[in-house]
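Just so we're on the same page: letters track the sequence lines, and every chain starts at 1.
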2 protein chains.
Amino acid sequence: MSTDPPGFELPLRLFMGFRVLIDELHAELARQGHPDLRPMHGFVLQAIGTRGTTAAELGRHLGVSKQAAGKTLDALEHLGYVERGTDPNDARRKIVRLTQRGVDSLVRSARIFEDLRSGWADTLGEDRLRALESDLRRVTPTDFFRLDVPGWFGGYQ
Amino acid sequence: MSTDPPGFELPLRLFMGFRVLIDELHAELARQGHPDLRPMHGFVLQAIGTRGTTAAELGRHLGVSKQAAGKTLDALEHLGYVERGTDPNDARRKIVRLTQRGVDSLVRSARIFEDLRSGWADTLGEDRLRALESDLRRVTPTDFFRLDVPGWFGGYQ
DNA sequence: CTATATAGACAACCACGTTGTCGATCATAG
DNA sequence: CTATGATCGACAACGTGGTTGTCTATATAG
């Protein structure tokens with residue numbers, strides 16, 4: 001019997017797979033008129049969704065402080081992907097909604113992700129890909145994404 | 001036939017798998033006497049290896065500037081994981097080598113990664129895990145790791 | 001000997017995260 | 001109706017990681 005791969009290969013491959021997909025997504029997104037979008041922006045836009053949200057709510061949902069979420073929203077607003085409005089029921093809240101451009105980026109992202117998945121299915125076979133997704137589901141938590149990647153990886157515990 | 005999972009689930013699961021493994025590694029590393037190590041430190045220590053390197057060489061290897069590599073080495077030196085010496089053949093170069101503590105962290109990391117992989121093998125079965133690793137190898141580049149994760153994910157193109 | 005390339009140090013800067021503080025607003029208890 | 005406490009958003013200060021640009025010292029090629 002052959003020996004197992006070294007244990008450190010598994011996390012490396014998982015991350016490389018993630019990075020390959022995200023890089024290809026953003027390369028294609030840039031070609032389709034969204035060159036300013038960064039990987040984290042996609043997760044934020046996805047978290048805002050069509051219903052809108054607030055900075056504090058977004059921060060809780062993504063596992064960062066409301067200040068951090070607010071800063072990211074400032075950037076996205078400046079890029080024209082979101083706009084802020086008021087909440088008629090609560091004068092404290094400023095509701096953030098996707099602009100048309102924001103929705104467009106989300107629609108295109110979904111389409112591109114499907115294409116990328118199809119590419120993997122062509123390489124691996126649909127059955128193997130489904131097995132991969134299924135296995136990953138079994139070893140990862142069900143809840144959503146944490147947005148604190150830069151700090152998590154590099155900085156402040 | 002059942003429908004495919006949405007395309008965006010794949011990158012999410014890949015990243016979550018990575019994050020789960022790295023988080024468990026560092027939780028265990030903290031228990032074993034290395035509470036100050038951050039995820040990126042492990043990749044740097046691994047890249048230094050037992051032969052030693054220089055800041056500029058490390059930067060090239062990890063895909064960041066020599067200045068960025070130098071800053072990270074400063075931090076690691078301050079934490080006692082690496083030490084700098086001179087190169088008798090080239091007075092410009094300062095060779096960075098792992099300290100005993102640095103080697104210890106690497107030995108423990110390797111051991112912990114093996115244990116984590118065993119845990120996945122218990123959950124998924126050794127054959128499915130090997131298939132997962134093999135499939136990932138087919139869709140990811142062969143070369144090593146890029147260290148620019150914080151900036152890649154969040155910032156400056 | 002001179003021109004070029006490289007190592008490392010230093011500074012200025014930007015992005016993203018943190019905590020702490022503050023005024024405005026809402027919700028609730030008395 | 002009013003006092004109290006919680007929450008929202010804004011602002012400031014700070015730490016960390018990355019970038020580019022500049023500088024000196026040292027190798028190396030012509």
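- The pair B:E9-A:R137 meets the salt-bridge criterion, since a charged nitrogen lies less than 4.0 angstrom from a carboxylate oxygen.
- For the pair A:I95 CD1 and C:dT25 P, the interatomic distance rounds to 16 Å; values are reported in whole Å.
- Partner of B:L98 under the side chain to side chain contact (heavy atoms under 4.5 Å, CB included) criterion, chosen from B:L76, B:T53, B:V103: B:V103.
- Salt bridge present: B:D90 and B:R92 bring a charged side-chain N and a carboxylate O closer than 4.0 Å.
- Atoms CH2 (B:W152) and C1' (D:dT19) sit 18 Å apart, rounded to a whole Å.
- Residue A:T72 places no side-chain N or O under 4.0 Å from the OP1 or OP2 atom of C:dA15.
- A donor N or O paired with an acceptor N or O is found under 3.5 Å between the base of C:dG20 and the side-chain atoms of A:Q67.
- A heavy atom lying under 4.0 Å from DNA chain D marks the following residues of residues 79-90 of chain B, by number: B:D90.
- Considering B:L14, B:T140, B:V139 in turn, B:L14 is the only one that fulfils the side chain to side chain contact (heavy atoms under 4.5 Å, CB included) rule with A:L21.
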Under the side chain to side chain donor-acceptor pair (under 3.5 Å) rule, what do B:W120 and A:D135 come out as? Steps first, then yes or no, please. CA-CA 9 Å; B:W120 281 33; A:D135 288 345; over 6 Å; no
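- Taking the charged nitrogens against the carboxylate oxygens, B:R128 and B:E133 have no contact shorter than 4.0 Å, which rules out a salt bridge.
- Between A:M40 atom CE and D:dG17 atom P there is a gap of 17 Å when expressed in whole angstrom units.
- Comparing B:K71 and B:K66 by the nucleotide of DNA chain D that holds the closest heavy atom to each, the one mapping nearer the 5' end is B:K71.
- Across residues 14-21 of chain B, not one residue has a non-hydrogen atom less than 4.0 Å from an atom of DNA chain C.
- Distance A:L73 CG to D:dG9 P: 9 Å, rounded to the nearest Å.
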Start with the C-alpha gap between B:F15 and A:F43, add the side-chain angles, then the distance that decides, and say whether ring-ring contact (aromatic ring centres under 6.0 Å, His included) holds. CA-CA 12 Å; B:F15 181 78; A:F43 295 96; 7.7 Å; no
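- As a whole-Å value, the separation of B:R93 CZ from D:dT28 C1' is 14 Å.
- Salt-bridge formation is not detected for the pair A:K94/A:E83: no Lys NZ or Arg NE/NH1/NH2 atom is positioned less than 4.0 Å from an Asp or Glu carboxylate oxygen.
- In this structure, of C:dT25, D:dT26, C:dA9, it is C:dA9 that holds the atom nearest to the side chain of B:K94.
- The listed nucleotides are C:dT18, C:dT6, D:dG18; the one nearest the side chain of B:R92 is C:dT6.
- Taking atom CG of residue A:D74 and atom C1' of nucleotide C:dC14, one finds them 15 Å apart after rounding to whole Å.
- Rounded to whole Å, the distance from CG on A:D36 to P on C:dA15 is 12 Å.
- In this structure, A:F18 and B:W152 have perpendicular ring planes: the angle between them is above 60°, well past the 30° mark.
- For the atom pair CD1 of A:I112 and CG of A:L25, the computed distance is 5.5 Å after rounding to the nearest 0.5 Å.
- Taking atom NE2 on B:H78 and atom C1' on D:dG15, their separation rounds to 14 Å, with Å as the unit.
- Once rounded to the nearest 0.5 Å, the distance linking CZ of A:R60 with OG of A:S65 reads 12.0 Å.
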Does B:H41 form a side chain to side chain donor-acceptor pair (under 3.5 Å) with B:D36? I'd like the steps, not just the answer. CA-CA 9 Å; B:H41 295 151; B:D36 297 330; over 6 Å; no
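- Using a 4.0 Å cut-off on heavy atoms, the residues of residues 51-65 of chain A that approach DNA chain D are A:T54, A:A55, A:A56, A:R60, listed by number.
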